[in-house]
Structure formats: structure tokens, C-alpha cells
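Here the structure is laid out as C-alpha cells; the discussion comes afterwards.
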Number of protein chains: 2
Amino acid sequence: MARERKFSKEELYQITKKLLLDHGYDGYTFTLLANQLEVSRAAIYKYYDNKEELLIEYMVFELNTFLQHLKEISKKDTFMDQFEALFDIIFNDMSIYKIREIGMHIPTVNDKVAAYKKKLDRLHVELYDSLQGFIRLGREEKVLKEDIPSNLVLGMIFQTVNIPNTTGLTHLEWVNTLKKVICHGMFRNAN
Amino acid sequence: MARERKFSKEELYQITKKLLLDHGYDGYTFTLLANQLEVSRAAIYKYYDNKEELLIEYMVFELNTFLQHLKEISKKDTFMDQFEALFDIIFNDMSIYKIREIGMHIPTVNDKVAAYKKKLDRLHVELYDSLQGFIRLGREEKVLKEDIPSNLVLGMIFQTVNIPNTTGLTHLEWVNTLKKVICHGMFRNAN
DNA sequence: GTTTAAAGTTACACATATGTAACCAAATTC
DNA sequence: GAATTTGGTTACATATGTGTAACTTTAAAC
């Protein structure tokens, strides 16, 4: 009982992501967003009271989809299989880490945002638990060195994604080299 | 033949750094800067025509000091000594990588900025050469695996700095663990 | 075909950032 | 101690972003 929408939530999220990566939290504006969506700025206010509400909702969406992918990997039996799958997920969308960090900057401007933030926190706990299981398996299988803190293991994986591949290597070659380095280091001989 | 300045270039750079890290390029404003310096906004315009000029000059300063530190390490004889020293430099100021990335966003608004950008490019070449020598030494000494691209070696070192230490480990313990992982990997056995 | 409600636009009031011009303040030089 | 020069402030014009109210459009419901 209404007219057709000029933009979908998918479009909105996709453009939001691009704008966040290009301009950061402070540089993200409804003016930019409206231009990209080719609607008037006021149209966006039909759905969101301010950019904080939009962004926090987007963050929840982003973390949710990431979690769904992540849960797939916990179905794999061996640590190595899970490790490979985790790598695939992260390299499939290399911007998640950056996006998550930008998300930290969203101020709690009202109750709605506060509620979403709580939801985000719960998702982060889920994320942490899921990854914690992955690391536990690695230790149980005696693949991971046991003296390495778990957040270092995860940090290595999440951060190295951002190293720009400026070599002539293909994506696959690059990722494989990266994997090797993470697993066995850059040095020839142990000492 | 003039009155005393209310703020030094050091103060200006220090506050600029903080503001850039907190708000990113788009969020950095002369209004914020002036407030922090406790001068009127117009006072800043006595020295810089716009924020681009200030920021690009700051970037040159930042890269220059980093380069100076870097040149110290090339005096060390062995690759391992240079490796340790490089780690120290980077962990001494973990924000350089982020700052450099923000610097990429500065638009060339006039000739002055263009000139500074050229200078920045030259400094980046110097930086690259300096680090290239470090890696060459590592390969010559047969310490580094020779099939690892040099920008992966450098990327590993620069990126892992940003992994937050949320464990109970001291800074020193954390850095040592990180070093071990970069050198020899997270996995127990080679395969 | 009229009613209804969501979707969208235009226009305004307000806030904040920018760049500049006119003016005031203090230290130096003669 | 008057003139000069640099540092600093106030005030204004301009630009951009925000949030809202009044209005228009369109498709479904009756």
C-alpha cells in the first residue's frame, strides 16, 4: 500500500561500507550517502533519525554475516581445515577489521543506539567464543605452539590481510605465501 | 622584532598527531586544533593557508624523523641486530603506519601542497631503499627465507604492531612473543 | 474511483567549519 | 620613545552538514 522504494537496504549497506572505508567515521555524511543513492537527503531520515543509528545497525549486520560465515568453519573437523577456511573468509572480505574499528567510534547518541550497541557486544562475545574454539582445537591437536596468546594468533590473521600485495604475485600465490609465513615464520632456521 | 609565539611547532605537531589518530583526515579541523592549542583559529592561518598545507608539512616531518631513526639501524652489522633495532623503532611509536595511511588522503589543493607531496615521494623512495638494504642483508646472511617478497617481510613487521595487547603480558613479553612468531611462525612443526 | 499510507522532495532553521579583513598587542630597531 | 614587524584576536561572509515540517507522488486497499 505504498510506492516503490528507490533504494534497497543492500544498496544502502554497500554504499555505506564504501563511504566508511574512504572517509572514515567523521567523514561519513548523509549528504554523501544521499548523493550516492541518488535520493534526497531527507529520504534517509524516513528510516533513520541520524547517522549513528544507521551506522550501528550496519555494524550489527556486518558482524552478523561475518559470524554466520564463521560458524560454518567450526563444522570442519581438523584445525588445519578450519585454519584454511578462516583464511578464505577473511580474504574474501579484507575490510572487516577496518570497518570494525570504525564502528568503535560511534557515539551513543540515544537509547536506540545504546540498544544496538548492547547487541553488538553480545555478537562480539559470540565471535570471541567461536574463535576461541578454533584456537582450543589448534592447541589440542598440538599444531599451535601453546605459549602464544590467542589474541596474537587471531591478530596475526586479521592484520596481515591488510598488507598490500604490490608484488607480481597472483592473489592465490600471495595468500599461500602469507599462510606459510604465519605458520612457519620468515626465518630459515629455528634458533 | 615581534612578540612571543603562544605555541611551538612541536606542540602543533603533537596535537595534530593526536587529532589525526582520534578523528582521521576528514575529522581533523582547524577549530579542534585551535582549541587544543588555546589560540584563536585565525592565528593558525598566519602560518598555514589551509589544513592540507599543515598536514602535508607534518607528514614530511614525521617521515623524516622516522627515516633518521631508520638510518641508525643500517649502521648495525648483522641482520639480527638490525631486525631487533627495527622492531624497537616501530614499537617506540606504533602509530606511524596509521598516520602514513591518513597522509595518503591529503588532496593536492595548491602548488605548495604539490611540492611537499613530491618531497614526500622522495622520502618514501629513501625509506624503501633503506629497508630494501635491510632485507638484502637478511637474504645474504641466509637468515630470511628467499622466496618471501620483501614487502611481505616489511608488511608483517609494520602491521603486527597494531595487534592490541589485551593479554596480561608486559610490553616486553608481548613484543618478544610477537618477534618469535614473525621469525618462526605459530605452528609447532614444519610441514 | 476514492481513500490511505508509505516513499520521496523541497524548503527552512540551525550548527559548524572555512578563509579573510580589520584591528589590537608586544617586542625590536632606530 | 616612535616606527616597524610579527603574533594574536574579533568579526564577517561563505560553505557544508543536520534535522524537521510541509508538501507531493504512487501504489495498494476498499
Side-chain angles (χ1 to χ4, degrees), chain A residues 1-58 102 105-114 116, chain B residues 1-58 102 105-114 116:
Chain A
M1 43 162 135
R3 67 195 275 191
E4 217 179 342
R5 281 186 56 162
K6 287 180 78 179
F7 63 92
S8 66
K9 208 157 235 188
E10 285 70 42
E11 280 178 88
L12 188 144
Y13 284 168
Q14 182 219 314
I15 291 168
T16 289
K17 181 176 197 166
K18 190 187 175 323
L19 291 177
L20 274 183
L21 290 173
D22 288 354
H23 300 280
Y25 175 74
D26 286 280
Y28 179 94
T29 65
F30 270 13
T31 308
L32 275 173
L33 180 63
N35 286 343
Q36 290 287 314
L37 286 172
E38 290 177 303
V39 292
S40 70
R41 191 171 49 83
I44 301 168
Y45 283 95
K46 293 275 156 169
Y47 307 98
Y48 303 97
D49 284 350
N50 46 56
K51 77 166 178 173
E52 285 74 27
E53 280 187 22
L54 190 157
L55 288 180
I56 200 82
E57 186 198 274
Y58 163 71
I102 292 172
H105 285 66
I106 302 172
T108 311
V109 292
N110 59 33
D111 292 357
K112 205 169 181 181
V113 174
Y116 270 113
Chain B
M1 42 164 134
R3 68 197 276 192
E4 217 179 343
R5 280 186 58 160
K6 287 180 80 178
F7 63 92
S8 65
K9 207 155 236 188
E10 285 68 42
E11 281 178 88
L12 188 145
Y13 284 166
Q14 182 219 315
I15 291 168
T16 289
K17 181 176 197 166
K18 192 187 173 323
L19 291 177
L20 274 182
L21 289 172
D22 288 354
H23 300 280
Y25 175 74
D26 286 279
Y28 179 94
T29 66
F30 271 12
T31 308
L32 276 172
L33 180 63
N35 286 343
Q36 290 287 315
L37 285 172
E38 290 178 304
V39 293
S40 71
R41 190 171 48 81
I44 301 168
Y45 283 94
K46 293 277 157 171
Y47 307 99
Y48 303 96
D49 285 351
N50 46 56
K51 78 166 176 172
E52 284 75 26
E53 281 187 21
L54 191 157
L55 287 179
I56 200 82
E57 186 197 276
Y58 163 71
I102 292 171
H105 284 66
I106 302 172
T108 311
V109 292
N110 59 33
D111 292 356
K112 206 169 180 179
V113 173
Y116 270 112

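Sequence lines set the chain letters: A, B, ... in the order given, protein chains first and strands last, and positions in each chain run from 1. Bear in mind the structure is a predicted one, so any value in this text is a computation, not a measurement.
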Would you say the ring centers of A:Y28 and A:Y58 fall short of 6.0 Å from each other?
no
Do A:R5 and A:E11 pass the salt bridge (Lys or Arg N to Asp or Glu O under 4.0 Å) test, and can you show the C-alpha distance, the side-chain angles, and the key distance before you say yes or no?
CA-CA 12 Å; A:R5 281 186 56 162; A:E11 280 178 88; over 6 Å; no
Would you say the side chains of B:N110 and B:E53 form a donor-acceptor pair under 3.5 Å?
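Result is yes, a qualifying pair exists.
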For DNA chain C, find the residues of residues 12-27 of chain B with a heavy-atom distance under 4.0 Å and give them by number; none if there aren't any.
none
Parallel under 30°, tilted from 30 to 60°, perpendicular over 60°: which one fits the rings of B:H105 and B:Y25?
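The rings of B:H105 and B:Y25 sit tilted, inter-plane angle from 30° to 60°.
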Partner of B:E57 under salt bridge (charged side-chain N to carboxylate O under 4.0 Å, His left out), chosen from B:K51, B:K9, B:K112
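Considering B:K51, B:K9, B:K112, a salt bridge (charged side-chain N to carboxylate O under 4.0 Å, His left out) with B:E57 is found only for B:K9.
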Do A:F7 and A:L33 pass the side-chain contact (heavy atoms from CB on, under 4.5 Å) test, and can you show the C-alpha distance, the side-chain angles, and the key distance before you say yes or no?
CA-CA 11 Å; A:F7 63 92; A:L33 180 63; over 6 Å; no
What is the per-nucleotide protein-contact pattern of nucleotides 8-20 of chain D, from the 5' end, where B denotes a base atom under 4.0 Å from a protein heavy atom, S denotes such proximity for sugar-phosphate atoms only, and - denotes neither?
BBB------SBBB
Which distance, rounded to the nearest 0.5 Å, do you find between the OH of A:Y45 and the CG of A:L54?
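It is 10.5 Å, given to the nearest 0.5 Å.
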Can you tell me how far P of C:dG19 sits from CG of B:L54, to the nearest Å?
12 Å
Give the minimum heavy-atom separation between B:E52 and B:P107, together with the two atoms involved.
CG-O, 3.7 Å
